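The figures here come from the full heavy-atom set of this structure, side chains too, leaving out hydrogens, waters and symmetry mates. These numbers come from a predicted model, not from an experiment. Quick note on labels: first sequence line is chain A, next is B, and so on, each numbered from 1.
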Amino acid sequence: MAKVTLKGLSHSYLKTQSSDADWAIRGVDIDWNDGGAYALLGPSGCGKTTLLNIISGLITPTKGDILFDDKVISGLNPVERNIAQIFQFPVIYDTMTVYDNLAFPLRNRKIPEEEIKVKVHEIAEMLELSSTLNNRASGLTADGKQKISLGRGLVRSDVNAIMFDEPLTVIDPHLKWILRSKLKELHQKINRTMIYVTHDQTEALTFADQVVVMHEGQIVQTGTPVDLFEKPKHTFVGYFIGSPGMNVLPCQIKGNDVIVNGKKIETHQQIKKSNFNKTEVGVRPEFISFSNEGIPVKVLSVSNTGRHKIVDTESETGKIKIIAKSNEDIPSGSAFLKFKKEYTYTYGDSWIIE
Amino acid sequence: MNKTVNQKAWFFVIPVFVLVAFNAIIPLMTVVNYAFQETFGNNVFMWEGTRWFKQIMLSERFHASLGRQFLFTFIILFIQIPLGIAIALTMPKEGIGVPVCLVLMSMPLLIPWNVVGAMWNIFALPDIGFLGHSLNALGFDYNFTQQIGDAWFTTILMDVWHWTSLVVLLSYAGLRSIQPAYYQAAEIDGASRWAIFTKIELPKMKKVLTIAILLRFMDSFMIYTEPFVLTGGGPGNATAFLSIDLVKMALGQFDLGPAAAMSLIYFFIVLLVCWVFYTLMMRNEEKS
């Protein structure tokens with residue numbers, strides 16, 4: 001068990017780097033507490049797997065340091081770092097039984113057989129694999145195999161951290177839910193640092209206490225699921241998290257006033273500076289309502305999801321989505337929108353203006 | 001399920017049936033025909049029943065060539081499979097080395113059997129051949145045309161040179177298809193290089209290796225051209241493998257009946273060994 005710290009971490013797969021785009025990850029600083037559950041969330045190619053492999057020691061970073069419990073471990077290999085990693089595809093040793101698979105990491109570390117037996121049975125119990133211990137691992141279903149991969153990570157009681165690299169990709173949707181709850185439950189039971197990489201916001205938000213959102217190799221926001229939803233620090237977080245994502249509209253800043261489509265609106269923050277190339281206003285569809293005055297829009301379409309209605313409207317400077325109650329009457333043709341002040345933010349060059 | 005009854009559809013099978021008939025069934029049936037009869041030419045046949053089969057099964061000459069054949073096949077499998085895997089493991093995994101190695105490896109496979117035999121014949125000649133001359137210069141008494149051991153050594157070396165590449169290419173393909181996550185997981189699990197080989201690489205290569213062993217078994221068991229050109233089955237009958245012996249009997253002595261019976265026995269041995277081997281290898285696959 002360990003605290004994980006990353007300092008000024010950058011990595012490039014190229015030998016020489018000329019622009020920001022040549023870096024897979026750049027300038028990453030992270031402080032993760034011992035025993036926490038963390039998620040790295042971002043779209044494909046944002047560098048999250050690279051970051052995970054750097055922490056586990058499968059990739060050596062171009063720049064920066066990795067610390068476990070304040071000790072620099074950048075030069076160590078995965079075995080010396082004593083971490084466990086679970087991959088996207090279940091990795092099992094085909095020719096071995098479930099028992100031998102779970103015992104493999106311990107046997108490689110020359111732990112006595114009696115001790116291994118206790119440990120393996122304990123983990124098998126936790127993962128509900130006890131009844132299949134003597135079966136050949138290759139005969140199991142995808143979720144059974146992924147449980148074995150998971151078990152091989154959990155079986156060593158001294159691991160510093162357990163990493164998950166999109167572990168539920170090949171699992172059927174209804175089993176995903178079960179395995180995810182299992183993971184959460186395991187985390188509470190064994191209390192080890194867990195780092196979970198995913199592009200699925202539901203997975204990240206349900207698994208982790210702290211979610212790190214990555215975009216183009218950089219961390220754009222770290223926070224609790226509620227923070228990410230209620231106060232996105234970057235427009236990317238706004239539209240990546242939430243369904244549908246945040247509405248982002250161009251705005252002008254004049255003195256202390258924020259002007260959208262010629263109308264002055266009220267936002268969460270007091271604007272102090274305005275020397276940006278691009279200024280935008282962001283507000284989630286959940287925090288917009290129809291009103292008698294405000295931003296004039298044309299209602300385009302309404303889709304009812306059962307729980308609520310998603311209304312597509314068009315304003316002068318772009319489309320705005322609204323989430324309305326399923327029993328709410330939606331005006332047709334022209335309408336006016338009102339943004340909830342506490343959840344309306346202004347962004348300068350995509351970053352929130354504090 | 002209601003299936004449409006349409007007997008006319010059988011007509012569509014006719015082209016395939018005709019093709020298979022001409023390249024397999026009719027020639028095979030001709031052999032069967034000869035195997036049970038005696039002929040003195042002019043299309044006159046006399047029924048002999050199972051006489052030729054009994055004769056072949058009891059013949060010391062057949063036992064000897066069958067023994068030589070199995071010995072040869074086992075030796076070359078024993079050398080080529082491990083050697084092929086070893087070479088595949090050391091081949092580069094990326095960069096310019098990959099195509100270079102693949103092309104170099106494919107070269108021997110592209111050379112016609114006749115040419116391989118002729119090349120090795122000249123290469124191994126004790127007086128002027130590079131191999132033969134060098135060995136003699138180094139003090140070995142080497143002459144593959146007269147000494148049985150030397151003839152076997154040369155034949156096996158030639159076959160290893162010609163066919164190990166096939167095992168290499170198949171193994172390499174098998175190795176390349178292993179997901180990197182397996183190696184990463186093994187690294188994290190603290191597996192040794194030997195454990196990675198036995199627990200990941202070998203099991204993942206099982207299917208291609210089955211194919212490789214089957215192909216190498218069949219090809220080496222039916223080998224004809226190369227030893228025929230290299231040694232002609234000699235010295236004496238020392239390298240007269242089944243096919244060489246069969247051709248001698250059929251075309252040299254014109255014993256068509258016994259030769260046909262021998263062909264069928266030969267054919268069934270190949271079939272039986274392949275079937276047993278394949279069933280054993282795939283036994284566990286069915287369950288999973």
Side-chain angles (χ1 to χ4, degrees), chain A residues 49 52-53 55-59 76-97 100-111 135-141 144-146 148-153 155-156 159-163 165-167 169-170, chain B residues 81-82 85-86 88-89 92-98 170-214 277-288:
Chain A
T49 297
L52 195 74
N53 287 342
I55 300 171
S56 60
L58 296 168
I59 296 178
L76 302 183
N77 69 31
V79 175
E80 293 161 331
R81 287 181 195 198
N82 205 8
I83 47 89
Q85 187 165 351
I86 288 94
F87 298 88
Q88 204 165 354
F89 298 96
V91 174
I92 53 148
Y93 302 102
D94 292 327
T95 50
M96 298 191 212
T97 62
D100 290 336
N101 260 278
L102 294 176
F104 191 62
L106 299 177
R107 286 188 181 145
N108 287 329
R109 287 170 177 78
K110 310 264 181 283
I111 287 164
N135 296 8
R136 267 168 71 109
S138 58
L140 295 175
T141 52
K145 288 180 181 175
Q146 196 59 300
I148 295 179
S149 309
L150 184 61
R152 282 207 318 275
V155 79
R156 288 185 280 135
V159 290
N160 282 320
I162 304 174
M163 328 264 205
D165 188 359
E166 312 213 11
T169 310
V170 294
Chain B
I81 301 295
I85 296 171
L89 282 172
K93 288 175 181 59
E94 54 192 355
I96 186 71
V98 176
L170 285 167
S171 306
Y172 187 70
L175 281 173
R176 301 299 294 132
S177 70
I178 301 175
Q179 298 264 356
Y182 280 90
Y183 292 103
Q184 294 173 342
E187 202 179 336
I188 286 163
D189 287 338
S192 61
R193 184 67 191 87
W194 176 248
I196 291 175
F197 176 66
T198 54
K199 307 296 185 204
I200 297 174
E201 289 173 332
L202 265 189
K204 293 275 166 213
M205 281 199 289
K206 187 178 154 190
K207 281 186 182 150
V208 287
L209 283 180
T210 306
I211 302 284
I213 293 173
L214 269 182
F277 176 75
Y278 190 80
T279 314
L280 284 179
M281 287 300 276
M282 291 299 147
R283 193 183 34 181
N284 292 317
E285 296 295 310
E286 308 271 310
K287 282 186 218 151
S288 54

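By the neighbour-count criterion of 12 heavy atoms within 6.0 Å, atom NZ of B:Lys199 is sparsely surrounded, having that number or fewer from other residues, nucleotides or ligands. The environment of CZ in B:Phe277 is crowded: more than 12 heavy-atom neighbours from other residues, nucleotides or ligands sit within 6.0 Å.
Counting heavy-atom pairs closer than 4.5 Å to chain B, the top residue among A:Asn77, A:Asn135, A:Ile92, A:Asn53 is A:Ile92.
Shown here are the ring-ring contact (aromatic ring centres under 6.0 Å, His included) partners of A:Phe87, two or more places apart in sequence or in another chain: there are none.
Within the 4.5 angstrom heavy-atom criterion, only side-chain atoms of A:Arg156, from C-beta onward, approach chain B. B:Ala186 touches chain A through backbone and side chain together, each having a heavy atom under 4.5 Å away.
The two residues A:Val91 and B:Ala185 come nearest to each other via the heavy atoms CG1-CB, 3.6 Å.
Counting heavy atoms from C-beta on, the side chains of A:Leu58 and B:Ile188 come closer than 4.5 Å.
Taking CG of B:Asp189 as the reference point, atom CZ of A:Arg109 lies at 7.0 Å (rounded to 0.5 Å).
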Can you give each donor-acceptor pair under 3.5 Å made by side-chain atoms of residues 173-183 of chain B, sequence neighbours left out, with the distance rounded to 0.1 Å?
from	atom 1	to	atom 2	distance (Å)
B:Arg176	NH2	B:Lys93	O	3.0
B:Ser177	OG	B:Gly174	O	2.8
B:Tyr182	OH	B:Lys204	NZ	3.3
B:Tyr183	OH	B:Glu201	OE2	2.8

